[in-house]
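What follows is a short report on a single structure.
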Amino acid sequence: MTEVDRRVVPTRTRVWRAESSSVLVATVVLVLLIGVLRPAFLTFGQLKDVLNGSVYVALLAAGMAFLLAMREIDLSVGAMFGLSLISTALLMRDGFDPWLSCLAGIALGALLGLANALVVRHIAIPAFVATLATMQLYRGLAVALGDGQQVTGLPLEHSFFSVLGGDFLGLPVSVWILVVVTAGLTVVLRWTPFGYRVRSIGSNPDAAAFSGISIPRTRLYVLVLVGAVAGLAGVLGLAFFTSGDPNIGVGFELQAIAAAVIGGTPLRGGVATVVGAVFGAVLLGVVSSGLVYFSIPANWSSFATGLVVLLAVGVDSALRRRQRARESMLGL
Amino acid sequence: MTEVDRRVVPTRTRVWRAESSSVLVATVVLVLLIGVLRPAFLTFGQLKDVLNGSVYVALLAAGMAFLLAMREIDLSVGAMFGLSLISTALLMRDGFDPWLSCLAGIALGALLGLANALVVRHIAIPAFVATLATMQLYRGLAVALGDGQQVTGLPLEHSFFSVLGGDFLGLPVSVWILVVVTAGLTVVLRWTPFGYRVRSIGSNPDAAAFSGISIPRTRLYVLVLVGAVAGLAGVLGLAFFTSGDPNIGVGFELQAIAAAVIGGTPLRGGVATVVGAVFGAVLLGVVSSGLVYFSIPANWSSFATGLVVLLAVGVDSALRRRQRARESMLGL
Amino acid sequence: MHALTARGITKSYGGVTALAGADLTLRPGSVHALLGENGAGKSTLIKVITGAVAPDSGTLRLADTEVAFASTAQAATHGVAVVSQELNLFPDLDVLANLFPMREPIRRGLLDRREMLARAVPVLKQLGLDVDPRARLGSLSLAQRQLVEIAKALVVEPKVLILDEPTSALDTDSSERLLCILRVLRDRQVAVVFVSHILEEVMNLCDEITVLREGRTVLDAQPRSSLDIGDIVHAMLGQDLPTASRGAARRVGPRLELRGVSVPDRLSDVTLTCSGGEIVGLAGLAGSGHTAVLEVVAGLRRPVSGSVELPGGGTPSSFRAAIAAGVALVSGDRRRIGLMLDKPVWENIAQVHPVAMAGGRLLHPGPLRSTATSLAERVGMRPLDVEMRAGLLSGGNQQKVVLAKWLAADPSVLLLDDPTRGVDLGARAEVHALLRAVADAGRVVVLCSTDLDELVAACDRVVVFHKGKVCAELTDFDQHTILRTMNTGSL
Amino acid sequence: SSPNAPLKMAFVYATSTQNPFQEMAFGAKAAAADAGNVDLALSAPSGVDGPQEVSLFQSAIRNSKDGVALETLTPDLFVRPLNQAADLGVPVVAVDTVPPAGTKVDLYIGNSNTELGKALGEEFVKQVPENATGEVVLGNAIPGLTLLQQRLDGMKSVITAKRPGLRVLGPFDSGSEPTSNFTKWNDLVKAHPDAIAYLGVGAQDAVSLALIQKNTGRKFLAGSCDPDAAALQAVKDGYVFALASPEHWLKGYVALRLLADHKRGKPLPKGWWNTGSLVVNPANIDKIMERQKDEDSRRAAFKAETEKQLAAPDTYLRPLAEAN
Ligand SMILES: Nc1ncnc2c1ncn2[C@@H]1O[C@H](COP(=O)(O)OP(=O)(O)OP(=O)(O)O)[C@@H](O)[C@H]1O
Ligand SMILES: Nc1ncnc2c1ncn2[C@@H]1O[C@H](COP(=O)(O)OP(=O)(O)OP(=O)(O)O)[C@@H](O)[C@H]1O
Ligand SMILES: O[C@@H]1[C@H](O)[C@H](O)CO[C@H]1O
Ligand SMILES: [Mg+2]
Ligand SMILES: [Mg+2]
């Protein structure tokens with residue numbers, strides 16, 4: 001290969017591979033499999049709904065990928081999502097302009113992320129423990145602020161709901177926003193110095209510190225970013241669901257971590273793929289929606305879900321293994 | 001200090017320190033604090049109940065400490081706990097001897113752990129992902145086996161319930177069992193080749209492999225051990241609760257990880273403290289039982305819990321920091 | 001005018017004094033050797049200069065202005081670049097990303113990969129590092145990673161370039177190329193600091209020499225021309241080097257035999273016999289197959305044809321089986337596959353037999369500690385404190401721990417891959433003496449080394465590999481014959 | 001036991017983050033206020049967690065010796081703790097779920113979940129002609145939760161008896177977390193596109209089913225339980241034909257009130273106190289929405305009903321064994 005070849009050809013392939021084609025393939029395989037067994041699943045409307053339903057966990061997973069890349073975990077994402085959603089709803093109910101409230105909701109998410117970062121820094125505890133506490137704190141606030149009630153009575157005719165909750169070019173606006181955020185975060189992770197810092201820290205924290213990368217500062221930015229993304233997810237959730245429930249997003253933290261890991265971001269840090277994380281969330285969405293077509297009795301649904309998740313990650317892993325076999329081997 | 005000093009004196013101190021006195025101190029501080037504000041909390045019966053109530057998460061956390069030491073996480077511990085409990089209950093209801101059923105329950109836990117290990121090995125996925133799937137699988141089985149119902153009508157007059165659910169020398173038998181298991185697992189982790197292997201792998205997996213330690217095999221043993229411990233917890237749970245609920249233990253996985261991490265076992269692997277993990281669970285138990293003594297408005301109780309957890313880990317972290325500062329002054 | 005001066009630098013870690021008033025004076029346009037035993041404080045001094053570590057006291061001046069860098073990144077922006085001894089690289093990032101930490105060229109808010117490439121490619125080419133700049137760093141060999149670390153320093157076009165044992169992982173070719181580059185930099189008025197334990201290299205390259213001993217400067221910027229190797233050794237050790245004598249090898253013990261061993265892409269039809277009592281050197285260019293022999297004997301790689309017979313009679317069917325049969329494998333890549341840096345020395349030394357290979361009985365830390373202490377003493381680890389975390393030892397001493405960990409089992413086949421990487425002169429002689437003692441006890445010792453002097457100094461016989469085949473067995477050899485054979489495939 | 005002695009009491013409930021349970025807590029709070037001079041501690045885990053609730057209960061019987069009302073979804077885990085309370089002499093009243101066998105708790109305040117399901121079934125039956133054919137899809141938000149199963153069984157029995165032409169499918173898992181509840185129902189609606197009705201028995205189902213109709217423009221029959229704010233709105237907007245409300249607030253109120261009165265001299269009744277349930281449909285929706293506005297509006301709206309119930313215990317009491 002000439003020098004030029006070497007530069008041009010693999011770039012695209014590599015970016016594609018790095019961005020975790022395997023989970024995408026696994027998702028497609030699963031969709032087709034369900035489609036063959038239950039053709040009704042393969043309608044545009046159903047697939048659109050799966051995408052739409054995956055948006056919130058997908059956004060949280062995208063943020064989580066950044067954290068995992070630097071060997072951190074944020075357990076409060078589900079609660080930040082819920083609290084942002086509820087707070088935005090309360091603002092609207094109290095007469096604030098919905099678009100302003102929407103901005104406030106995102107800003108609140110960022111602020112909650114900042115609070116996480118400050119706790120991590122000043123109490124000097126791992127983000128995992130800090131966010132375990134703030135998860136309850138934020139969830140508690142979501143309950144307390146709304147007085148334990150769902151928040152309803154929002155100005156549903158306002159453009160906020162029709163735009164963010166509506167469609168654009170045949171796809172839900174929130175899916176478009178997910179696409180844009182995914183692309184943006186991918187660019188940030190891969191092509192900005194900040195993204196390099198994040199991955200450097202996860203790859204070798206000592207070397208990162210040695211190179212003058214400030215771990216606390218980078219962590220702060222990432223936690224704020226994750227909070228802002230959770231806030232965005234909350235606002236989109238509100239636009240779609242049109243009311244606020246204090247329990248919304250319970251358990252999302254595990255789903256988001258799972259989506260990121262299934263998508264190809266390992267817990268050991270250093271590498272991450274935002275696209276993979278998003279597809280991981282879609283994969284989980286496909287599993288749960290697809291199963292509905294098989295009329296599983298309620299008492300067996302959790303069992304079946306577990307089985308299919310196993311199947312899906314098995315396919316993913318088999319695809320991945322072919323890639324990996326080439327690379328790794330115990331050797332000097 | 002003389003050469004002799006440096007080798008002999010610290011051994012005992014070091015063991016003590018390694019076993020995380022800080023979380024113990026934090027727990028005691030918290031107990032005293034609550035006791036000062038609400039003297040009724042400081043009764044023997046109350047503290048006994050807190051201990052008794054912490055046994056299940058504590059056992060799971062003890063197992064989790066092993067996994068964290070080798071940079072793994074098992075999300076299925078809560079489900080293994082629940083499934084073992086339900087299965088044991090079903091066996092008893094169907095007329096099997098309670099003590100035999102009890103052994104079967106523990107063996108089932110070990111078997112579930114083995115299944116986790118086989119999935120990890122043969123599908124070649126991280127334990128985190130594998131157990132995310134098996135968590136649902138096992139939980140689903142717990143629901144399905146009992147047909148979604150609580151399992152009642154057990155032979156409560158049998159010695160199984162009076163012995164394992166009873167007291168011995170003033171403390172619940174399950175607490176004694178926790179003490180014995182904690183001591184045993186501490187010995188295993190610190191003083192057996194197996195324990196050294198576990199910690200070696202967490203320190204540097206490549207160096208471990210290049211010293212002849214088989215990572216898959218060690219992981220298998222650990223996952224089986226964790227399963228067996230979860231099975232034991234399930235059996236003890238049954239003896240205390242005297243019935244099986246299919247949703248029992250939901251969310252225990254996060255509590256167990258949290259307890260281990262709060263107790264001083266970092267997520268990065270290489271070190272672990274079983275005693276610390278157990279005290280971490282007790283600390284969480286103290287927080288939640290202690291809060292009952294303060295008339296927190298309903299809507300604020302989740303918020304308050306988060307706040308107190310934060311406070312508790314803050315105390316722990318401050319203690320830890322002082323210790324570290326002292327150590328580095330001594331050049332340790 | 002001096003390029004950089006360090007005066008009266010002190011630094012201690014708890015009880016350990018790493019620097020006790022060290023001085024260093026650098027002139028632009030010269031290559032300055034910084035020498036000293038393992039643990040003398042060289043790396044610490046460098047860390048202080050480049051802002052990685054804050055000194056307890058002392059002053060730094062860069063071209064007559066007093067400075068104190070907060071980080072290596074800051075130092076780099078002031079033209080002070082460092083190639084640190086322990087690679088500070090990011091295995092998960094690609095080569096290109098590793099070259100510009102904290103100083104990536106940026107265009108419109110994004111990384112300017114094109115600019116990075118434009119700056120990196122010439123440097124990589126100059127260093128002869130033929131890898132795709134987009135390859136994952138972790139997929140590179142240790143030598144290649146070392147070159148990346150060097151490239152990282154070169155891309156900033158430094159005024160002061162400090163290299164902490166840059167050649168310890170390099171083969172002869174790469175070392176030569178590096179030395180050429182340093183000469184060019186010297187001509188461009190760069191002040192170069194060069195740390196090495198290979199004195200021949202130093203004498204060939206350097207203009208001035210500073211020697212540290214126990215954290216103090218004992219020889220301060222002396223012109224090389226005024227010194228000979230003996231003077232330097234004396235300054236470093238405070239005494240003369242014990243002369244190692246190579247006696248005639250006695251081939252006594254049972255033998256290690258490879259018959260017609262082939263491994264796809266690595267070895268083809270290799271037949272080789274190593275007797276107990278002799279030290280056999282394996283030489284070759286990177287990828288020529290000599291390290292694959294170690295892997296095969298250690299059971300890390302299964303040959304597709306041919307057989308391997310261990311001295312005890314078994315075959316290494318797996319790594320564990322090989323270890324159980326008495327094989328030991330000492331690697332020079334200590335940080336990646338040799339050590340648990342966060343664990344005390346004694347746990348590292350106990351890692352193989354007491355831990356990895358043991359059954360279910362209890363381990364008593366007491367005996368493990370005392371065994372470790374005597375082994376650490378045997379390999380000359382300093383400070384002789386087995387409670388110390390391995391990561392805190394100086395580089396050479398870390399390497400000794402790896403050796404000790406494998407000697408613990410009294411192996412019947414001792415395989416070594418660059419075992420004295422970063423080990424100082426005196427200690428290296430001690431290690432060689434140790435290998436000799438092991439051989440004399442009737443054991444098989446097989447040594448791979450990129451350092452030809454080491455092969456010459458330690459081995460009885462050198463087997464040279466070329467493209468996966470044995471191309472020569474030398475019993476009478478010097479550096480030049482080995483080098484020629486390695487490169488040409490024939491004598 | 002003077003009529004206004006200070007009392008320390010507690011209400012321990014399944015989770016602090018879900019509205020049905022908070023309704024009961026609000027009721028308990030109102031009862032404490034009405035009884036006067038009661039220091040009421042409210043405790044609940046932040047998510048449904050039986051074992052943790054057991055611990056909270058154990059603390060509560062020590063801290064609130066004058067009486068504890070226990071609402072739990074996992075009553076069978078409480079055998080020993082309830083006996084502990086008896087040993088400590090702390091009066092306990094079971095709320096919402098029947099106290100387990102083997103305990104000395106003999107007052108249970110709760111609605112009949114089977115009746116609740118039947119009531120919803122009756123409301124449904126009113127919506128469809130006698131000879132109707134087609135599918136009816138049932139959902140269960142929390143598989144493994146007995147009281148939901150009882151509601152489903154009750155509902156199903158009415159439908160199969162009165163509308164034999166209908167085919168009842170499920171129950172399927174409908175998920176309890178709001179987004180997953182929506183997604184699951186949305187999928188169920190797509191997977192069973194021809195069904196004439198989709199019925200849940202949890203607090204979130206009506207909210208999701210209304211939203212689906214709003215989004216898709218498709219009209220179908222939807223019903224469920226619990227008067228959550230968004231569910232009430234759905235009835236108001238015509239997306240949901242009815243909600244069967246277990247009247248959680250009443251249970252909390254009556255339990256606490258009886259406990260307080262007991263400490264101040266009245267004997268504690270024995271048996272199952274059925275506080276009843278309420279069908280919320282377009283006929284009474286405005287009134288109920290008004291009632292559910294805030295704590296004060298609830299207290300005011302329930303005043304007559306509580307006074308009525310407390311004045312005639314025997315009307316509401318039945319043997320414990322009949323609870324369903
Ligand atoms: N690769 C390993 N990693 C960790 N522990 C091991 C490993 N192999 C064996 N052990 C433990 O060490 C003990 C003794 O090892 P030994 O090699 O005799 O076992 P083995 O089953 O014969 O192993 P192998 O199949 O690898 O030969 C065993 O009891 C086992 O618990
Ligand atoms: N972080 C640390 N904590 C404690 N001791 C340290 C630390 N870093 C270095 N030391 C000690 O300081 C001394 C000097 O170490 P340094 O790494 O500077 O030696 P060196 O001259 O570079 O040796 P080598 O040739 O082996 O690389 C050694 O005794 C080392 O163990
Ligand atoms: O009525 C409530 C809700 O339906 C909830 O979903 C489960 O518990 C019941 O008490
Ligand atoms: Mg050094
Ligand atoms: Mg064997």
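Chain naming here is simple, since letters A, B, ... match the order of the sequence lines and numbering starts at 1 in each.
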Answer with side chain, backbone, both or neither: which region of [X] has an atom nearer than 4.5 Å to a non-hydrogen atom of chain D?
X        : answer
B:Ser54  : neither
B:Phe240 : both
B:Asp49  : both
B:Ser288 : both
B:Ala304 : neither

Please report the interatomic distance [atom1]([X]) to [atom2]([Y]), rounded to the nearest 0.5 Å.
X       : Y        : atom1 : atom2 : value
B:Thr43 : D:Asn63  : OG1   : CG    : 10.0 Å
D:Ser43 : B:Phe294 : OG    : CZ    : 11.5 Å
B:Tyr56 : D:Ser55  : OH    : OG    : 8.5 Å
D:Leu77 : B:Asp245 : CG    : CG    : 5.5 Å
D:Gln52 : B:Thr305 : CD    : OG1   : 7.5 Å

Check: Between D:Thr74 and B:Gln150, what is the shortest heavy-atom contact and its length?
Finding: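 Here D:Thr74 and B:Gln150 meet closest at CA-NE2, 3.4 Å.
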
Check: D:Arg80 and B:Ala239: which non-hydrogen atoms are nearest, and at how many Å?
Finding: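 Scanning both residues, the minimum pair turns out to be NH2-O, 2.6 Å.
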
Side chains of [X] and [Y]: closer than 4.5 Å at any heavy-atom pair?
X        : Y        : answer
B:Val143 : D:Pro143 : yes
D:Ile142 : B:Asn247 : yes
B:Phe252 : D:Asp49  : yes
D:Leu42  : B:Pro297 : no

Side chain, backbone, both or neither: which part of [X] has a heavy atom under 4.5 Å from chain B?
X        : value
D:Pro75  : both
D:Gln149 : side chain
D:Asn140 : neither
D:Phe57  : neither
D:Ala25  : side chain
D:Phe11  : neither

Next item on the list: Kindly write out the residues that satisfy salt bridge (charged side-chain N to carboxylate O under 4.0 Å, His left out) with B:Glu253, not counting sequence neighbours, or none if the list is empty.
Entry: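 Partners of B:Glu253 under the salt bridge (charged side-chain N to carboxylate O under 4.0 Å, His left out) test: none.
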
Notebook entry, point to check: So which of B:Gly45, B:Gly53, B:Pro246, B:Ala40 has the biggest tally of heavy-atom pairs under 4.5 Å with chain D?
Noted result: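 Of the candidates given, the most pairs with chain D belong to B:Gly45.
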
Check: Out of B:Gly306, B:Gly165, B:Gly251, B:Gly285, which one racks up the most heavy-atom pairs below 4.5 Å with chain D?
Finding: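 Highest number of pairs under 4.5 Å: B:Gly165.
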
Check: Residues in side chain to side chain donor-acceptor pair (under 3.5 Å) with D:Glu247, at least two apart?
Finding: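 D:Glu247 satisfies side chain to side chain donor-acceptor pair (under 3.5 Å) with D:Ser245, D:Arg291 once adjacent residues are dropped.
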
Item checked: Sidechain-backbone polar pair: D:Arg62 side chain, B:Tyr293 backbone, donor-acceptor under 3.5 Å ->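 Not confirmed, D:Arg62 side chain does not pair with B:Tyr293 backbone.
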
Notebook entry, point to check: For the candidates D:Asp76, D:Val79, D:Leu88, which exhibits the highest count of non-hydrogen atom pairs separated by less than 4.5 Å from chain B?
Noted result: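 Most heavy-atom pairs under 4.5 Å with chain B: D:Asp76.
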
Note to self: Only pairs of heavy atoms separated by less than 4.5 Å count here; which of D:Ala28, D:Pro51, D:Pro45 has the most with chain B?
What the structure shows: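 Heavy-atom pair counts peak at D:Pro51.
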
